[in-house]
A.B. asks: 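Here's a structure for you.
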Number of protein chains: 2
Amino acid sequence: MKKDISIGALSSRAGVKVPTIRYYEEIGLLPEPTRTESNRRIYDEQSVDRLCFIRHARELGFEIETIREMLALADKPQRSCARVDALARGHLKVIDSRIERLTALKHEVEGMIRSCSRGRIAECRIIEVLTHPG
Amino acid sequence: MKKDISIGALSSRAGVKVPTIRYYEEIGLLPEPTRTESNRRIYDEQSVDRLCFIRHARELGFEIETIREMLALADKPQRSCARVDALARGHLKVIDSRIERLTALKHEVEGMIRSCSRGRIAECRIIEVLTHPG
DNA sequence: CTTGCTCCTCTAGTCACTAGAGAATGTAGG
DNA sequence: CCTACATTCTCTAGTGACTAGAGGAGCAAG
């Protein structure tokens with residue numbers, strides 16, 4: 001017998017707020033769970049996994065529609081790996097470019113702090129750095 | 001004599017859509033530009049730079065309020081060095097944590113791609129990797 | 001002059017949540 | 001068993017940062 005999980009328990013175990021879970025259900029990202037006699041949602045271990053997956057994918061910056069696609073592919077994984085691979089590769093490019101530009105900005109702010117500690121801000125180049133990066 | 005730039009030209013040069021430019025003006029991120037006799041907005045080269053900066057900062061995930069502060073910080077570099085230093089250090093922390101998180105995410109995605117070497121469908125572990133990463 | 005592009009303002013819609021009201025149901029202490 | 005409080009329910013509305021569309025006016029080219 002598998003134990004029932006309330007929406008609150010699911011929330012804390014997956015690290016996703018209760019209203020967000022209901023929102024995911026509303027948009028069809030999570031299936032409608034069975035309910036108790038008194039109309040409360042009951043989940044199982046699989047729901048925790050699915051929701052954890054969604055949370056991590058969101059943290060990675062994947063959009064809901066992409067996650068929806070990945071979940072669909074995961075449900076029948078024949079021939080789906082290449083597609084997921086492509087999705088991930090596309091996102092990796094975005095992440096790399098962000099890291100690059102952030103690092104440039106970091107150096108510039110560090111430079112500002114250094115000149116500030118010497119009692120003068122000769123020239124603020126923050127805007128320049130971000131205006132025409134790379 | 002500096003040449004006038006229409007909102008459409010500014011849009012394509014900065015890579016920011018026309019309604020977004022008007023939105024930025026509305027929330028005070030861009031100053032209200034002068035207008036032609038027929039009420040059309042006219043910008044200059046400096047507007048292009050400022051807007052480019054905003055676009056890149058947004059792409060890096062900075063919130064509008066943070067960008068507003070950074071612009072202010074860049075505008076008055078001469079006085080109150082201590083305050084500028086504090087602001088800069090604060091921003092540096094944010095930038096550092098952002099780089100850190102992005103780098104972690106990058107490794108996760110790279111791990112996903114490695115686990116998902118094409119042609120070996122049985123070995124696709126992307127969903128698993130994202131469900132319980134680390 | 002007329003066709004079509006750009007611009008104006010305004011309202012409303014989008015995404016991915018987030019917050020709050022008000023009611024019912026579940027749980028723990030006394 | 002009663003009471004107090006927590007959790008859940010549905011519903012509506014708000015957020016940030018845009019985005020799209022209506023309806024109208026100006027401008028430039030053929």
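All chains are named by letter (A, B, ...) in the order of the sequence lines, taking the proteins before the strands, and each is independently numbered beginning at 1.
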A.B. asks: I'd like to check the side-chain contact (heavy atoms from CB on, under 4.5 Å) partners of B/Ile42; sequence neighbours left out, ordered by chain and number.
C.D. replies: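 In terms of side-chain contact (heavy atoms from CB on, under 4.5 Å), with neighbours along the sequence ignored, B/Ile42 is linked to B/Asp4, B/Thr34, B/Thr36.
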A.B. asks: To the nearest Å, give me how far apart CD (B/Glu25) and C1' (D/dA17) are.
C.D. replies: 16 Å
A.B. asks: Atom SG of A/Cys52 and atom CG of A/Leu10: how far apart are they, to the nearest 0.5 Å?
C.D. replies: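 So the gap between those two atoms works out to 8.5 Å.
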A.B. asks: So what does B/Ile7 touch, heavy atoms closer than 4.0 Å: a base, only the sugar-phosphate, or nothing?
C.D. replies: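 Since only primed, P, OP1 and OP2 atoms lie under 4.0 Å of B/Ile7, the category is sugar-phosphate.
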A.B. asks: Which pairs, with at least one residue in residues 10-26 of chain A and sequence neighbours excluded, count as a salt bridge (Lys or Arg N to Asp or Glu O under 4.0 Å)?
C.D. replies: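 Counting only pairs at least two positions apart or across chains, the salt bridge (Lys or Arg N to Asp or Glu O under 4.0 Å) contacts touching residues 10-26 of chain A are A/Arg13-A/Glu45, A/Glu25-A/Arg35, A/Glu25-A/Arg41.
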A.B. asks: Counting primed atoms plus P, OP1 and OP2 as sugar-phosphate and everything else as base, spell out the protein contacts along nucleotides 21-30 of chain D at 4.0 Å heavy-atom distance: B, S or - for each nucleotide, 5' to 3'.
C.D. replies: ----BBS---
A.B. asks: First and last nucleotide of DNA chain C in contact with chain A, 5' to 3', at under 4.0 Å to a heavy atom: what are they?
C.D. replies: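 From 5' to 3', the first and last contacting nucleotides are C/dA16 to C/dG26.
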A.B. asks: Quick one: NZ on A/Lys93 to CG on A/Asp96, what's the gap to the nearest 0.5 Å?
C.D. replies: 10.0 Å
A.B. asks: Could you work out, with side-chain hydrogen bond (donor to acceptor under 3.5 Å, both in side chains) as the rule, every residue matching A/Ser47, not counting sequence neighbours?
C.D. replies: A/Asp44
A.B. asks: Return the value, rounded to whole Å, for the distance between atom OH of A/Tyr23 and atom C1' of D/dG14.
C.D. replies: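 In whole Å, D/dG14 C1' and A/Tyr23 OH are 14 Å from each other.
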A.B. asks: Using a cut-off of strictly less than 4.0 Å, decide whether B/Tyr24 has a side-chain nitrogen or oxygen near OP1 or OP2 of D/dC18.
C.D. replies: yes
A.B. asks: Can you sort out the partners of B/Thr103 under side-chain contact (heavy atoms from CB on, under 4.5 Å), two or more places apart, ordered by chain and number?
C.D. replies: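 For B/Thr103, the residues satisfying side-chain contact (heavy atoms from CB on, under 4.5 Å) (neighbours in sequence not counted) are A/Ile99, B/Ile99, B/His107.
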A.B. asks: Select from A/Pro19 and B/Asn39 the residue whose nearest nucleotide in DNA chain C is closer to the 5' end of that strand.
C.D. replies: B/Asn39
A.B. asks: Rounded to whole Å, please give me the gap between CG in A/Leu10 and P in D/dT7.
C.D. replies: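 To the nearest whole Å, that distance equals 15 Å.
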A.B. asks: Any salt bridge (Lys or Arg N to Asp or Glu O under 4.0 Å) pairs touching residues 63-73 of chain A, not counting sequence neighbours?
C.D. replies: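 Sorted result for residues 63-73 of chain A: A/Glu65-A/Arg68, A/Glu69-A/Arg83.
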A.B. asks: Taking for each residue the nucleotide of DNA chain D bearing the nearest heavy atom, is the 5' side occupied by B/Ile64 or by A/Arg35?
C.D. replies: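 Result: A/Arg35.
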A.B. asks: Quick one: list whatever passes side-chain contact (heavy atoms from CB on, under 4.5 Å) with B/Tyr24, sequence neighbours left out.
C.D. replies: B/Val16, B/Thr20, B/Ile27, B/Leu29, B/Leu30, B/Leu51, B/Ile54, B/Arg58, B/Ile64
A.B. asks: Taking only residues two or more places apart in sequence, or in another chain, which ones meet B/Arg40 in a salt bridge (Lys or Arg N to Asp or Glu O under 4.0 Å)?
C.D. replies: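 Checked B/Arg40 against salt bridge (Lys or Arg N to Asp or Glu O under 4.0 Å); zero matches.
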A.B. asks: Rounding to an integer number of Å, can you tell me how far B/Glu63 CD sits from D/dC18 P?
C.D. replies: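 B/Glu63 atom CD is separated from D/dC18 atom P by 11 Å.
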